[in-house]
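A short worksheet on the structure shown next.
FYI, side chains are in, hydrogens and waters are out, and symmetry mates aren't considered; it's all heavy atoms of this structure. A note on names: the letters A, B, ... follow the listed sequences, proteins ahead of strands, and every chain is numbered from 1. In this text, all values refer to a predicted model and were calculated from it rather than measured experimentally.
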Number of protein chains: 2
Amino acid sequence: MLSNTEENYLKALVHLTIEKGLKDAGTNELAQLLGVKPATATDMLKKLKTKKLVDYKKYGRITITSPGRKHAIEVIRKHRLWETFLFEKLHFSWDEVHEVAEQLEHIQSKKLIDELDRLLGFPSVDPHGEPIPSSKGELKVKPRITLAEAALKTTHIVMGVNDDHAEFLQYVDKVGCKIGAKIKVIQRHAFDDSHELEINGKKALVTAKFAQQIFVA
Amino acid sequence: MLSNTEENYLKALVHLTIEKGLKDAGTNELAQLLGVKPATATDMLKKLKTKKLVDYKKYGRITITSPGRKHAIEVIRKHRLWETFLFEKLHFSWDEVHEVAEQLEHIQSKKLIDELDRLLGFPSVDPHGEPIPSSKGELKVKPRITLAEAALKTTHIVMGVNDDHAEFLQYVDKVGCKIGAKIKVIQRHAFDDSHELEINGKKALVTAKFAQQIFVA
DNA sequence: TTAAAAAGTTAGGTTAGTCTAACTTTTATA
DNA sequence: TATAAAAGTTAGACTAACCTAACTTTTTAA
């Protein structure tokens, strides 16, 4: 049985590699994502290596092993099912679900998750548009285009949003950028990397950092 | 914010005092209930004392303070609401709910509990017949008679069952002893403390330990 | 009423997860 | 291609929650 902390490290590795289409990650970026110091991440990586959950050699890059990936994807499945439950059944808004799901994702009970899945009607995406891994551990990695890379003056559909920060999501919501919204990048300003958008017909000006968190098709 | 462990100590103190109609508890019984050594409980009691959650002096008896009680009752409320959710919405049987609720009771989110309460229709008892504290922190302590103290040859109604052990609950279920069942103590055998019962008309022979876990009215 | 038993505490040790400060290895670039 | 910057590691320390072994205080009962 893995601790909550170990599960969080594995989950972070999947976010940094598989979900970005990359094959490995570095100690510093892992530490940063988890909000710990690199030295702390090094210690944990040694432990995860002895448990055969990551492949890793000193000063090298980190890859997740097949058992490590399997476990991480289960945690991600739980996280996204709980987010969906909170949103669909308990009247949570999309900016409120993440924080509570971070706690709920570590509850250990196979039956709980199977039944939750059934109660929700076997959903395939969470409230932010992120795919929910199947009970067999399959995680759909759709090649995602962020608003920062999307073609200019073309209408796109908002497919998903990074869920990590409540404040960000409230802002996203405020400018009318919901899942399914029609969105167009009118122009990019090189001097400050800002993006001029049209969301469902309404103009908005956002930063590059904002644009990188919005996934479109 | 209290750790899961601190919450478990406070909860155990309420189980040992308020729910039994007693005003204080001892280090050893507390340690035993929590499955730790007395030395460990002593350490934690010192910590809870500095946080003003218990009243306590060296070699003395432990009482819970008003803030400590308030917090403990919130945890008990969460535990029993989660048990009810698992039983009512997720097809768990009454012997399966306790273990998972032990994990879920520590999730921190006021909104989560308020919404769960609403989803369940503001229940007043959990699947084992235990009262669910109100959102204001009121815990009904019904004076409870166990089967071991119940009058002989009188028909009683099963009002509740101690929920701690899944195996016990499965056995309780098997002999037909559900909440609301009619139960009569035919005879008690002094030489081995066994109890001869009649449950909904069917005979059964049970131990004293069994009889102490069944609450009747 | 005192001695043994029960209850409770203290001291010192362990593990998990974190930190800082100093160090080493790798990489990128002048 | 040498060296500075970036990336990563090591050593030593801290806290929370647990342990065992030895000790002290309180209670019980002969």
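Comment: B:Glu74 does not engage B:Lys110 in a salt bridge, judged by the lack of any side-chain N to carboxylate O separation of less than 4.0 angstrom.
Inspection of the B:Asn8 and B:His106 side chains reveals an N or O donor paired with an N or O acceptor under 3.5 Å.
Toward the 5′ end of DNA chain C lies the nearest nucleotide of A:Asn4, the other residue of the pair A:Tyr59 and A:Asn4 mapping further downstream. With DNA chain D read from its 5' end, the first of the two nearest nucleotides for B:Val36 and B:Lys58 is the one closest to B:Val36.
The distance between atom OH of B:Tyr56 and atom P of D:dT25, rounded to the nearest whole Å, is 14 Å. Atom pair B:Glu7:CD and D:dA16:P shows a separation of 16 Å (rounding to whole Å applied). Between B:Leu2 atom CG and D:dA16 atom C1' the separation is 14 Å, expressed in whole Å.
Summarising the local packing, NZ of B:Lys52 is surrounded by 12 or fewer heavy atoms from other residues, nucleotides or ligands at distances under 6.0 Å.
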Kindly determine whether B:Arg118 and B:Glu115 satisfy salt bridge (charged side-chain N to carboxylate O under 4.0 Å, His left out), including the steps that lead there. CA-CA 5 Å; B:Arg118 178 199 50 74; B:Glu115 287 291 328; 2.7 Å; yes
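The shortest side-chain heavy-atom distance between B:Asp173 and B:Trp94 falls under the 4.5 Å cut-off.
Protein chain A contacts DNA chain C from C:dA16 to C:dT26, reading 5' to 3' and using non-hydrogen atoms of the protein with a distance under 4.0 Å.
Results of the salt bridge (Lys or Arg N to Asp or Glu O under 4.0 Å) test with A:Glu105 over A:Arg80, A:Lys78, A:Lys11, A:Arg77 single out A:Lys11 as the only residue that passes.
Here side chain to side chain donor-acceptor pair (under 3.5 Å) pairs that include residues 21-36 of chain B, with residues two or more places apart or in two chains, are B:Asp24-B:Arg61.
Annotation: proximity of residues 40-52 of chain B to DNA chain D (heavy atom, distance under 4.0 Å) is found for B:Thr40, B:Asp43, B:Met44, B:Lys47, numbered in ascending order.
Taking the six-membered ring for Trp and the full ring otherwise, the centers of A:Phe85 and B:Phe85 sit less than 6.0 Å from each other.
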